[in-house]
Amino acid sequence: MSDALQSLSRFLPELILMAALAVVIVADLLTQRRPLKSSTDLLTGITLVGLLGALVTSWQALGAGEAQSLFASMLADDGLLGVFRPIFCLTSIVVLLLSMRSKELEGVRLGEMLALLLTVTAALMWMAGSINLVMIYLSLETVSVASYIMVGYLSSDRLSNEASLKYILFGAVSTGAMLFGLSLLYGMTATLDLYGVRAALAEGAFGPGLLFVLVLIAAGIGFKIAAAPFHFWCPDVYTGAPTPVTAFLSVGPKAAGFAILIRFFYLGLAEPAGGGAIAPVGGADWQMLLMMLAVITMTLGNVAALLQTNVKRLLAYSSIAHAGTMLMAACVLSVEGVQAIAAYLAIYLFMNLGAFTVVILAHRVTGSFEIDSYAGFWKRSPLLTVAMGIFLFSLMGIPPFAGFLAKWYVFAAVINAGLGWLAVVGVLNAAVAAFYYVKILRVMVIDEETGPTPALAFSRLDLGLLVLLVVPNVLGLLFWGSLDRVTEYSQTLLELG
Amino acid sequence: MESMGSAAIFYATAAVVLGSALYVVVGRNLVHSAFALVAAFFGVAVFYVYLGADFLAGAQVLIYVGGILTLLLFGVMLTNRIYNLNLRSGAIQVVPGALSAGLVFALLVWIIQSVDWGAMDSGDPGPTSESIGRLLVGDYLLPFEIASVLLLIALMGAAMLVRRRGSS
C-alpha cells in the first residue's frame with residue numbers, strides 16, 4: 001500500500017487528467033439545459049485547464065528524479081515516459097482547439113468528446129509507461145475503445161458510422177490476436193513482468209515458436225501505429241472520422257504505439273549488450289521482423305498516397321509512410337534508435353497536426369476535402385497556402401525545416417547500425433513522398449479556381465494555432481537544444497536488471 | 001484410474017464446447033445459435049473448474065452465462081421477425097477461409113508441441129478468491145483502477161451513440 005501512495009506523487013499528470021475528467025462529466029450533466037454555446041465553452045475551458053495542468057506538470061517531471069517503477073512494477077517512470085507525456089498533452093491541446101474550429105463539429109454537443117479526449121490522453125501515458133503485459137493490454141484497449149467512440153461521434157453521418165464500425169472490427173481482431181500472443185508468451189515465461197519475461201527468455205531458446213508469438217503481438221502494436229499489413233482500417237477511418245479526431249489518431253495513438261514497441265522489444269525481448277546496444281534474447285530474430293514491417297509499411301504508404309484525390313485519405317497514407325520511417329529506427333537495436341524515434345515523433349507532432357489544421361480551416365470555406373477544391377487557394381489566402389507549404393515541406397524532410405532534422409536522426413541511426421540497404425530504401429521512399437506532397441501545393445498555387453471564391457476569415461484562435469505549429473517547423477534547426485533534451489532523456493529506459 | 005476419468009471429462013467437455021461453438025457459427029437460426037453459445041460458455045466454465053480456478057469459473061457463469069447471454073437472448077427475442085431472418089454466414093470464400101484457419105491450427109499445434117511450457121503442479125486446488133482479492137487491491141491496483149476508467153468511457157460512449165440516434 002505504501003508503494004501505491006508513494007507512486008502517486010510521480011503520477012501527477014495522469015491524476016490531473018482524471019480529476020478534469022470527473023469535473024467535465026459532472027459539469028456536462030449540470031449544463032444539459034443551458035444553451036449549447038455557453039455549455040460548450042465552459043466544458044472546453046475545463047478540459048483546456050486540465051490538459052495545460054498535465055502539460056506543465058509533465059514538463060516539470062521531465063528529468064526530475066531517478067527512473068523508478070510505479071505501482072508494484074506496473075509502470076516505468078523513466079526518461080521515455082517523461083518525453084512522451086508532453087507530446088501527448090500537446091497533441092490533445094491542439095486537437096481540442098481544432099475541434100472548436102471544425103465545421104463538422106459545429107452545433108454538436110462536445111461533452112462526451114472532451115471526456116473521451118481527457119481519458120485517452122491519460123491512457124496514452126499509461127501505454128507509454130507499461131512494463132507489465134496486463135498493463136500493455138489494458139491501456140491499449142482503453143485507447144482503442146475511446147478512439148472507436150470518437151471516430152463515430154457524428155452519429156447522423158454515414159461515413160463516420162461506417163468508419164467507426166470498420167475500426168471496431170479491425171481493432172477487435174488485432175487486439176484479439178495480440179491478447180492470444182500475450183497469453184502464449186505468459187505460458188512460455190510464467191510471468192507478466194517485462195523484465196521477468198526477459199530473464200525467462202534468456203535462459204532457454206524458444207526459436208520459431210517465439211517468433212510466431214511475436215507476430216501475433218506485433219499485429220496488436222502494428223494496428224495502433226498503422227503499420228502495413230495491419231493498416232487496412234486506416235484510410236477509411238481517417239476519411240470518415242471528424243477531422244480533429246483524424247488529426248489526433250495520426251499522432252497520439254501512433255506515438256504511444258511506438259513507446260510500447262520500444263518497451264516490449266527493447267526491454268522484454270532483449271538484454272543490454274554494452275555501449276547502449278541491445279541483443280535479442282530467446283532465439284527469435286525480431287530485428288528481421290521489424291525490418292520487413294518497416295520496408296512494407298513505407299513503400300505501401302507512399303505508393304498508395306500517390307493515387308489519392310481526397311486530402312484526408314492522402315494524409316492517412318502519408319501517416320502510414322511516416323510510421324514506416326520510424327519503424328526503420330526501431331530496427332537499430334541501440335539507444336540511438338530510441339532517440340531517433342522520440343525526436344521524430346516530437347517533430348512529426350507539429351508538422352502533421354499543422355497539415356490537418358490547414359485542412360480543417362480550408363474546409364470551413366470550401367466545404368470539401370477533395371484536393372481539387374484547393375485550386376486557386378493562393379489567391380484566396382496566401383497566408384494559409386504558405387503555412388501549408390511549410391508543413392508539407394517539413395513532412396517531405398526538406399532542409400531548412402524541422403522535418404529534415406527528424407529524417408536526419410533516423411537515417412543517421414540506421415546507417416550507424418550498418419543497415420545501409422534499409423537507409424537506401426528509406427531515401428527512395430522519401431523521394432516518392434515528395435511527389436504527392438508537391439501535388440497538393442501545385443493545385444493550391446498553380447491551378448485556377450473554377451467556382452465562386454468566398455473570402456477566408458481567420459479568428460484569433462486560428463492565427464494562434466498556426467503560429468504555434470508553424471514556428472517549430474521553421475525554426476526547427478534553432479531548437480536543436482530542446483531536441484537534445486528529448487533525445488537525452490528518452491534513452492534512459494528503466495533498468496531493473 | 002483417476003487420470004483416466006478426468007481425461008474423459010476433459011474430452012467430453014471439449015467436444016461439447018467445440019460442437020456448440022461450431023453451431024453458433026454455422027447455425028441459420030439466431031435463437032438456436034444463442035442457446036448453443038450458452039453450452040459453449042458452460043463448457044469453458046467446466047474447464048476452469050477442472051484447472052482449479054474456482055473464482056474464474058464462478059465469474060464465467062455469472063458474467064457470460066448469467067449477464068451477457070441473457071441480455072443477448074432478450075435482444076434477439078425482442079427483435080421483430082427474427083425467425084424469418086436469413087442469416088448468411090460462411091457462404092463466401094469458403095476455401096481461402098478454411099485454408100487460413102487450417103494453417104493457423106497447424107501452426108498452433110506445432111507450437112504447443114514444440115515449446116517447453118514448464119507445467120506447474122500446484123498440488124491440490126484450494127480456494128483462489130482470497131488471493132485474487134488481495135492482488136486486486138495490492139499489486140494490481142493500477143490495472144484494476146484503469147479497468148474502471150475503461151468501463152466508464154465504454155458506458156458513456158454506448159449511451160451517447162444510442163441517445164443521438166434517438167433524438168435526430
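Residue numbers start from 1 in every chain, and the chains themselves are labelled A, B, ... in the order their sequence lines are given, proteins ahead of strands.
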Task: A/Met18 side, atom CE; B/Leu152 side, atom CG - distance, nearest 0.5 Å - done: 9.0 Å

Task: Residue B/Leu108 versus chain A: region with a heavy atom under 4.5 Å - done: side chain

Open item on the list: Can you confirm whether A/Leu36 is buried at CG, in the sense that more than 12 heavy atoms of other residues, nucleotides or ligands lie under 6.0 Å from that atom?
Closed with: yes

Task: Exceeds 12 heavy-atom contacts within 6.0 angstrom, atom CZ of B/Phe55 - done: no

Task: Considering all heavy atoms, the nearest A/Thr142-B/Leu150 contact - done: CA-CD1, 3.6 Å

Open item on the list: Does atom CD (A/Gln32) have a neighbourhood of more than 12 heavy atoms from anything else shown, all under 6.0 Å?
Closed with: yes

Task: Test item: A/Ile25 and B/Met156 side chains (from C-beta on) under 4.5 Å apart, heavy atoms - done: yes

Open item on the list: Measuring only between side-chain heavy atoms, which start at C-beta, is B/Ile153 closer than 4.5 Å to A/Glu112?
Closed with: no

TODO: Can you measure from CG (B/Leu142) to OG (A/Ser73) and round to the nearest 0.5 angstrom?
DONE: 12.0 Å

TODO: Assess whether atom CZ of B/Phe35 is packed by more than 12 heavy atoms of other residues, nucleotides or ligands within 6.0 Å.
DONE: no

- [ ] Check B/Pro143 against A/Leu138 and note the closest heavy-atom contact, atom names and distance.
- [x] O-CD2, 3.1 Å

Open item on the list: Would you say that more than 12 heavy atoms from the other residues, nucleotides or ligands in this model lie under 6.0 Å from the CZ of A/Phe11, or not?
Closed with: yes

Task: chain B contact via A/Tyr137 - which portion, at a heavy-atom distance below 4.5 Å - done: neither

- [ ] Tell me, out of A/Val120, A/Val213, A/Leu184, who's got the most heavy-atom pairs with chain B below 4.5 Å.
- [x] A/Leu184

- [ ] Nearest 0.5 Å please: distance from the CG atom of B/Asp139 over to the CE atom of A/Met74.
- [x] 6.0 Å

Open item on the list: To the closest 0.5 Å, what do you measure between CD (A/Glu14) and CD (B/Glu145)?
Closed with: 13.5 Å

Open item on the list: With a 6.0 Å cut-off (strictly less than), is the heavy-atom count around OH of B/Tyr50, excluding the residue itself, greater than 12?
Closed with: yes

Open item on the list: Could you tell me if the side chain of B/Tyr140 sits less than 4.5 Å from the side chain of A/Leu192, heavy atoms only?
Closed with: yes

- [ ] State the CH2-CD1 distance between A/Trp126 and B/Ile146, to the nearest 0.5 angstrom.
- [x] 4.5 Å

Open item on the list: Which heavy atom of A/Thr119 sits nearest to which heavy atom of B/Val149, and what is that distance?
Closed with: CG2-CG1, 3.4 Å

TODO: Report, as yes or no, whether the 6.0 Å neighbourhood of atom CD on A/Glu203 holds more than 12 heavy atoms from other residues, nucleotides or ligands.
DONE: no

